[in-house]
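Okay, structure first, notes after.
Values below: every heavy atom of this structure, side chains too, minus hydrogens, waters and symmetry copies.
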Amino acid sequence: MKKQLLVLLIAVFIGFGVNAQVKSSETNVLVLIYSQNGGTYKMAKSIAEGIQEYPNSRAIIKRVPSINTKEKLNADVEKLPIATIEELANYDGIAFGSPVHFANISADMNYFFSQSIPLWTSRVLEGKPTTVFMSAGSGAGKEAAILSFWNILASHGMVIVPTGIMGTATLDKTVPQGNTPFGATSLAGSTGTRPSQSELNLAKEQGKALARVASGLKNTENIKSVKTTSVETKSDINKTLKDNNIVLPEAPKPVGNYVPFTISDHKVYINQVALKDGKILNPGKVGATVTEDQAKEATYQTMLNVIAVLKEACGGDLNKVKQCVQLTGYFNTTPEYTQHAGLMNSASNLTALVFGGKGKHARATIGAVSLPINSAVEIQAIFEIE
């Protein structure tokens with residue numbers, strides 16, 4: 001009896017420890033803005049304040065890069081760290097803020113999202129909660145702007161958190177307001193202090209609502225993870241490829257005295273360039289004749305070639321892959337180019353999508369003066385197989 005009681009107590013303490021770990025995990029929410037004169041930034045600070053009022057939640061304010069690098073920004077905005085499109089996948093929730101430009105989001109925010117194709121294809125934003133707030137000079141077009149932004153976020157499968165009628169208890173009806181049921185906005189061109197206190201109050205409530213949803217979804221995922229740790233689910237790579245409409249090309253053939261891959265001690269070594277249909281895709285030098293979008297497309301194609309060769313190495317069965325050990329990307333760039341890591345994310349995201357946890361890898365990115373047959377990219381890959 002004593003022995004059974006001891007076992008029961010141990011089980012209870014273990015269960016308590018697991019639950020405590022789940023509850024103590026911090027919810028990280030990004031507040032991402034474009035702001036030139038500082039109005040949207042003031043709203044962002046209230047959004048962040050609301051996020052951090054929710055238990056165990058942390059807000060990080062960042063800005064998107066300006067299209068015009070010579071543009072004069074508000075001094076406080078200028079000091080904000082600049083976000084990359086790839087890092088959006090790392091947060092539990094995201095609040096987006098932008099001024100209204102002709103009933104739409106700013107060109108700078110729009111350009112930032114134009115780089116999100118790898119995030120869309122890898123579905124890393126799917127199910128992530130999000131909300132939108134804005135600042136409008138005249139107030140015209142603010143609701144249309146928020147809804148247009150919602151279209152982008154919905155395309156990524158994000159969970160949209162609107163404001164509804166929250167904040168009405170603190171609304172000062174004697175002052176013109178820019179508030180909407182879709183998200184807080186500031187009537188920046190109106191008289192008096194802007195944003196008004198009512199507008200800031202609503203932004204704070206909006207931030208708290210986002211944190212509540214983000215925290216709830218995060219804790220749900222944590223609980224699922226804890227309950228399934230003892231059950232190993234084996235995924236089928238072929239089904240993953242089919243579900244994501246990924247078609248592997250025919251593995252490129254050697255054009256010299258070498259082989260497409262070698263295997264040593266269960267490690268497969270592969271090198272590939274951006275070959276597609278017998279030709280180099282987007283050849284040339286990044287930063288000169290090749291744009292970043294073209295370089296990312298070439299990187300994606302190169303990684304497809306790597307996986308096609310890997311399939312041959314596995315005897316046609318990619319389910320034999322145990323781990324992607326290392327990816328090294330070589331990029332044909334101008335000497336002053338520094339964004340190699342952003343280009344390589346196209347390969348890393350594809351690898352993680354196809355192989356899941358087995359696709360997590362160490363990585364290096366290197367700039368080169370030139371590459372074979374004028375390819376913009378070459379990838380060296382090491383995989384461990386059964």
Side-chain angles (χ1 to χ4, degrees), residues 29-51 59-85 88 94-116 130-154 156 158 160-163 167 175-207 210:
V29 181
L30 175 65
V31 183
L32 184 62
I33 66 168
Y34 170 75
S35 181
Q36 183 177 3
N37 299 318
T40 307
Y41 174 56
K42 290 178 182 177
M43 296 285 284
K45 289 195 292 183
S46 285
I47 291 278
E49 186 180 348
I51 291 167
I60 304 97
I61 303 178
K62 292 190 176 185
R63 65 181 176 93
V64 300
S66 299
I67 296 176
N68 179 7
T69 56
K70 296 181 179 178
E71 182 179 50
K72 182 66 176 175
L73 298 177
N74 171 276
D76 291 329
V77 174
E78 183 75 39
K79 296 174 185 176
L80 292 175
I82 297 176
T84 63
I85 193 70
L88 299 191
I94 309 171
F96 295 98
S98 169
V100 177
H101 285 181
F102 303 106
N104 211 325
I105 60 176
S106 67
D108 306 78
M109 183 67 78
N110 197 46
Y111 177 74
F112 182 79
F113 260 93
S114 71
Q115 306 169 65
S116 65
T130 184
T131 198
V132 178
F133 62 99
M134 308 199 83
S135 179
S138 65
K142 59 183 183 294
E143 294 188 344
I146 293 177
L147 294 175
S148 73
F149 206 164
W150 279 12
N151 290 335
I152 298 174
L153 304 178
H156 280 279
M158 300 187 78
I160 297 170
V161 180
T163 49
V175 177
Q177 308 293 332
N179 299 331
T180 78
F182 309 117
T185 68
S186 173
L187 195 60
S190 185
T191 57
T193 303
R194 292 290 156 176
S196 71
Q197 191 57 52
S198 290
E199 292 166 339
L200 294 175
N201 288 342
L202 178 56
K204 185 176 176 180
E205 291 296 321
Q206 186 175 358
L210 176 62

*Write down the atom of Thr40, the atom of Ser135, and the distance for their closest heavy-atom approach.*
OG1-CB, 3.4 Å
*asked:* Checking Asn104 against Asn110 for the side-chain contact (heavy atoms from CB on, under 4.5 Å) test, could you report, in this order, the C-alpha distance in whole Å, the side-chain angles of both residues, the deciding distance, and whether it holds?
replied: CA-CA 9 Å; Asn104 211 325; Asn110 197 46; 5.6 Å; no
*Rounded to the nearest 0.5 Å, how far apart are CZ of Arg63 and NZ of Lys79?*
12.5 Å
*Expected output: side-chain Thr131 to main-chain Pro162 donor-acceptor under 3.5 Å*: no
*Step by step, would you call Ser186 with Glu199 a side chain to side chain donor-acceptor pair (under 3.5 Å)?*
CA-CA 6 Å; Ser186 173; Glu199 292 166 339; 3.2 Å; yes
_I'd like to know whether Met134 forms a side-chain contact (heavy atoms from CB on, under 4.5 Å) with Met43, so could you lay out the CA-CA distance, the side-chain angles of the two residues, the decisive distance to 0.1 Å, and finally the verdict._
CA-CA 8 Å; Met134 308 199 83; Met43 296 285 284; over 6 Å; no
*Judged by atom type as modelled, is there a donor-acceptor pair below 3.5 Å linking the side chain of Thr130 to the main-chain atoms of Ile94?*
yes
*When the ring planes of Phe149 and Phe96 are compared, do they come out parallel, tilted or perpendicular, using 30° and 60° as the limits?*
tilted
*Do Lys62 and Leu32 pass the side-chain contact (heavy atoms from CB on, under 4.5 Å) test, and can you show the C-alpha distance, the side-chain angles, and the key distance before you say yes or no?*
CA-CA 5 Å; Lys62 292 190 176 185; Leu32 184 62; 4.1 Å; yes
*Rounded to the nearest 0.5 Å, what separation is found between the CD1 atom of Ile67 and the CG atom of Asp108?*
4.5 Å
*Would you check if Ser106 and Tyr111 make a side-chain contact, meaning some heavy-atom pair closer than 4.5 Å?*
no
*Work out which heavy atom in Ala83 is nearest to a heavy atom in Pro65; give both atom names and the distance.*
O-CD, 4.0 Å
*Please name the pair of heavy atoms, one in Ala95 and one in Ile47, separated by the smallest distance, quoted to 0.1 Å.*
CB-CG2, 3.9 Å
*Euclidean distance, Gln36 CD relative to Asn68 CG, rounded to 0.5 Å*: 9.0 Å
*Gly97 and Met109: which non-hydrogen atoms are nearest, and at how many Å?*
O-CE, 3.4 Å
*Ignoring hydrogens and angles, tell me if any N or O in the side chain of Asn37 forms a donor-acceptor pair with the backbone of Gly39 under 3.5 Å.*
no
*Nearest 0.5 Å, what's the CG-OH distance between Asp76 and Tyr41?*
5.0 Å
*Is a side-chain N or O of Thr163 found less than 3.5 angstrom from the main chain of Gln206, in a donor-acceptor match?*
no
*May I ask you to test the Phe112-Leu88 pair for a side-chain heavy-atom distance under 4.5 Å?*
yes
*Please examine the side chains of Phe113 and Ile105, heavy atoms only from C-beta on, and report whether any two atoms are closer than 4.5 Å.*
no
*Do you see a donor-acceptor pair shorter than 3.5 Å between the side chains of Glu205 and Asn201?*
no
*Go through the steps to decide whether Ile33 and Leu80 satisfy the test side-chain contact (heavy atoms from CB on, under 4.5 Å), and finish with yes or no.*
CA-CA 10 Å; Ile33 66 168; Leu80 292 175; 3.9 Å; yes
*asked:* Using only atom types and a distance under 3.5 Å, with no angle test, would you say the side chain of Ser46 pairs donor to acceptor with the backbone of Leu202?
replied: no
*For residues Ser35 and Val77, report the shortest heavy-atom separation together with the two atoms involved.*
O-CG1, 3.2 Å
